[in-house]
Engineer: 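Structure incoming, see below.
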There are 2 protein chains.
Amino acid sequence: MNEQLQPLKKPVRAGKAGRSGTQDDIVYAHIFEAILEQRLAPGTKLSEEALGEIFGVSRTIIRRALSRLAHESVVLLRPNRGAVVASPTVEEARQVFFSRRMVERAITELAVEHATAEQLNELRQMVREERDSFSRGDRGAGIRLSGEFHLKLAEAAGNAPLISFQRSLVSQTSLIIAQYESGNRSHCSYDEHMQLIDAIEARDVNQAVSLMMHHMDHIDSKLNLDEDSASDDLHAVFSHLLQTKKRGGVAPLKG
Amino acid sequence: MNEQLQPLKKPVRAGKAGRSGTQDDIVYAHIFEAILEQRLAPGTKLSEEALGEIFGVSRTIIRRALSRLAHESVVLLRPNRGAVVASPTVEEARQVFFSRRMVERAITELAVEHATAEQLNELRQMVREERDSFSRGDRGAGIRLSGEFHLKLAEAAGNAPLISFQRSLVSQTSLIIAQYESGNRSHCSYDEHMQLIDAIEARDVNQAVSLMMHHMDHIDSKLNLDEDSASDDLHAVFSHLLQTKKRGGVAPLKG
DNA sequence: TTTGCATTCTTTGTATACAAACGCATAATC
DNA sequence: GATTATGCGTTTGTATACAAAGAATGCAAA
């Protein structure tokens, strides 16, 4: 059961990590990454014991990781009923996008003011990797790198509370894209990212903010948030009710 | 040891709470409230065992509560060295206030749009309680209610991500006030809160936002963030280094 | 007297055992 | 035949035991 979790790339040096305090970070990062790359679909049940076995740690560690994820609204923690990957409703999606516009605007303005040459180089490098991922068809990595770009930009802005808020928003956005993206267009265009970096480097606030706002427009224009996006995808519609059935029959989103 | 924690008002029905899932919430809320009301000063060591004994629960529960608090940057979790009440630096304080201005502006705009009559009544009730607390000299309760006002306003705005961000910002603000407030003026004037509610009820966005921004100005004009606020208070200056000593001698911020 | 080191003691990190809650399946009754 | 009751199995919630990392203390040497 829980086959979805096995494709995790880095196998994790199970248990033996002598240094304390890092194990839960590792588990957290792996689950987070799996969700960000959409290897874990919304609604997927996250069993503590199964995860513990996969990562070679006790339930204590898993529980901590799930707790952190729940605090970022990436995972839903139902009392006595375990954790599932969150499945945002249309309304929740709208709220996340509203917050993101606000935050991205502020981040852009701060980045224009504070971003160093080194940070801009790192950002460019990330966009190149993002472009490469899409061009070789690795959509998962592309989505992850696209999210990390926005996170890195927040770091360049240099405001700690904003960074942590952005982390939560970016991962929720990824979930929303997984659930509501309509076509199969590459959903976070790297050329927009590149233009944005140029504007920041030129210290052109108006241009940078304008580009970022259009970028936001583009992202949510690709989503089906207009109505209930009803009956389009039964799995998405009912994912908040589903749990991974143990008998092979009904297991959702396996492929 | 850890005498600071004993004044907690509600004694907590220790352990016996039949319903599961609520115990960690209770502990979390109590510690959070203690910090918000400044019964727990910045830098105070939070021993897991001591807290467990006080609340009548095991370290497991305490640890979860501390984890949540750390995620909100209210508590600092140092690996292998335990938790302390966070003591924000001047730079961190500035960042928090920057974020708060941004969030409060958005919240105000949304509240003008969405706040119901019932919510406005509740807000007014809170301001009355806040005023009463200050007028009878209960500064702690006043500070707490002042924070809860801003939280309640976020709820009236109706944006979930914003609410959770605001929760984190409000509690950090309270810490900052504890550390940097200069005089002993009542620091969050309830009449400003009341005027704000009036503007929101009148659906006057410009007026409401303007009042909120002035309110923010007033709050941080009462703080000593201008320089390092140096040599004014040694305890405050070094509180980020201090831990609660066990021998009575050096225990900081006891009175 | 002060500085460096080793030992001890306290506190945190992790795993695991046990208890309680929930869901499912079977069975009994209307 | 449908619906509700009941028992079982699985999964989560909590406490506790054990291991490991730091901090404190005392001793020795410069």
Side-chain angles (χ1 to χ4, degrees), chain A residues 1-2 5 12-28 43-70 75-85 241-251, chain B residues 1-2 5 12-28 43-70 75-85 241-251:
Chain A
M1 54 180 85
N2 272 292
L5 281 168
V12 177
R13 44 280 170 72
K16 298 301 151 357
R19 299 299 182 76
S20 67
T22 49
Q23 292 190 196
D24 48 300
D25 290 329
I26 294 170
V27 172
Y28 167 84
T44 305
K45 178 87 188 292
L46 299 170
S47 154
E48 296 179 0
E49 197 182 343
L51 287 168
E53 206 160 320
I54 289 170
F55 288 106
V57 296
S58 80
R59 280 176 51 215
T60 309
I61 309 295
I62 302 296
R63 184 167 268 266
R64 280 245 293 281
L66 291 176
S67 214
R68 285 171 65 185
L69 290 163
V75 148
L76 187 63
L77 224 52
R78 299 167 305 175
N80 287 315
R81 294 178 59 205
V84 294
V85 178
L241 301 173
L242 289 174
Q243 302 164 202
T244 354
K245 300 279 190 191
K246 269 152 292 175
R247 333 297 187 74
V250 203
Chain B
M1 57 179 85
N2 273 292
L5 281 167
V12 176
R13 43 279 171 72
K16 297 302 152 358
R19 299 297 182 78
S20 66
T22 48
Q23 292 190 194
D24 47 300
D25 290 331
I26 294 171
V27 173
Y28 166 85
T44 305
K45 179 86 191 291
L46 299 170
S47 153
E48 296 180 359
E49 198 183 342
L51 287 167
E53 206 161 318
I54 289 169
F55 288 106
V57 297
S58 79
R59 281 176 48 215
T60 309
I61 309 296
I62 302 297
R63 183 166 268 266
R64 280 246 293 282
L66 291 177
S67 214
R68 285 171 66 185
L69 290 164
V75 147
L76 187 63
L77 225 52
R78 299 167 306 174
N80 286 315
R81 295 178 57 205
V84 294
V85 178
L241 301 174
L242 290 173
Q243 302 164 201
T244 353
K245 300 279 190 194
K246 269 153 289 176
R247 333 297 189 72
V250 203

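Just so it is clear, the values below take in all heavy atoms, side chains as well, and ignore hydrogens, waters and symmetry mates. Chain letters run A, B, ... following the sequence lines, proteins first, then strands; residues in each count from 1.
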Engineer: CD1 of I61(B) to CD of E48(B): how many Å apart, nearest 0.5 Å?
Structural biologist: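 Those atoms lie 12.0 Å apart.
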
Engineer: For L77(B) and dT11(C), give me the distance from atom CG to atom P, rounded to whole Å.
Structural biologist: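 From L77(B) CG to dT11(C) P: 16 Å.
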
Engineer: Taking OP1 and OP2 of dA23(D), is either one under 4.0 Å from a side-chain nitrogen or oxygen of R81(B)?
Structural biologist: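 Result: yes.
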
Engineer: Measure from CD on E49(B) to P on dG22(D) and round the result to the nearest Å.
Structural biologist: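 Distance check: E49(B) CD to dG22(D) P gives 20 Å.
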
Engineer: Within the structure provided, determine whether D25(B) and R68(B) are in side-chain contact (heavy-atom separation under 4.5 Å).
Structural biologist: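 With C-beta onward as the side chain, the pair touches.
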
Engineer: Between P on dT14(C) and CZ on F55(A), what's the gap in Å once rounded to a whole number?
Structural biologist: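 Rounded to whole Å, this separation is 15 Å.
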
Engineer: Using whole Å, what does the distance between atom P of nucleotide dA20(D) and atom CD of Q23(A) come to?
Structural biologist: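 The distance from CD of Q23(A) to P of dA20(D) comes to 12 Å, rounded to the nearest Å.
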
Engineer: Could you grab the distance from atom NZ of K45(A) to atom CZ of R78(A), nearest 0.5 Å is fine?
Structural biologist: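 Between atom NZ of K45(A) and atom CZ of R78(A) there are 6.5 Å.
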
Engineer: Picking from dT14(D), dG23(C), dG13(D), which would you name as closest to the side chain of R63(A)?
Structural biologist: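 Closest of the options to the side chain of R63(A): dG13(D).
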
Engineer: Please compare A83(A) and T60(A) by the position of their nearest nucleotide in DNA chain D and report the one closer to 5'.
Structural biologist: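 The residue closer to the strand's 5' end, by nearest nucleotide, is A83(A).
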
Engineer: Check the distance between dT12(D)'s P and D24(B)'s CG and give it to me in whole angstrom.
Structural biologist: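 My rounded result for the distance is 16 Å.
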
Engineer: What is the separation between atom CZ on R59(A) and atom P on dA17(C), rounded to the nearest whole Å?
Structural biologist: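 Rounded to the whole Å, the gap is 12 Å.
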
Engineer: Output the single nucleotide from dT12(C), dT12(D), dT14(D) whose closest atom is nearest the side chain of N80(B).
Structural biologist: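 Selected nucleotide (nearest to the side chain): dT12(C).
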
Engineer: Mind calculating the distance between CG (D25(B)) and C1' (dT14(D)) to the nearest angstrom?
Structural biologist: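 About 15 Å, once rounded to whole Å.
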
Engineer: Is it the case that dG13(C) (base atoms only) and R64(A) (side chain only) share a donor and an acceptor within less than 3.5 Å, ignoring hydrogens and angles?
Structural biologist: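 When only heavy-atom distances are counted, R64(A) does not reach the base of dG13(C) through any donor-acceptor pair under 3.5 Å.
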
Engineer: Quick one, L51(A) with V27(A), criterion side chain to side chain contact (heavy atoms under 4.5 Å, CB included). Give me CA distance, side-chain angles, the key distance, then yes/no.
Structural biologist: CA-CA 9 Å; L51(A) 287 168; V27(A) 172; over 6 Å; no

Engineer: Please report the distance, rounded to the nearest Å, between CD in E48(B) and C1' in dT14(D).
Structural biologist: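 Whole-Å distance recorded here is 15 Å.
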
Engineer: Taking atom types as they are modelled, is there a donor-acceptor pair under 3.5 Å from the base of dG22(D) to the side chain of R78(B)?
Structural biologist: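 Under the 3.5 Å cut-off, the side chain and the base do not form any donor-acceptor pair.
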
Engineer: Find out whether F55(A) and I26(A) are in side-chain contact, i.e. whether some heavy atom of one side chain is under 4.5 Å from a heavy atom of the other.
Structural biologist: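 Not touching, per the 4.5 Å side-chain cut-off.
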
Engineer: Under 4.0 Å: is that the gap between some side-chain N or O of K45(A) and OP1 or OP2 of dT10(D)?
Structural biologist: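 So the side-chain polar atoms of K45(A) never come under 4.0 Å of the phosphate oxygens OP1 or OP2 of dT10(D).
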
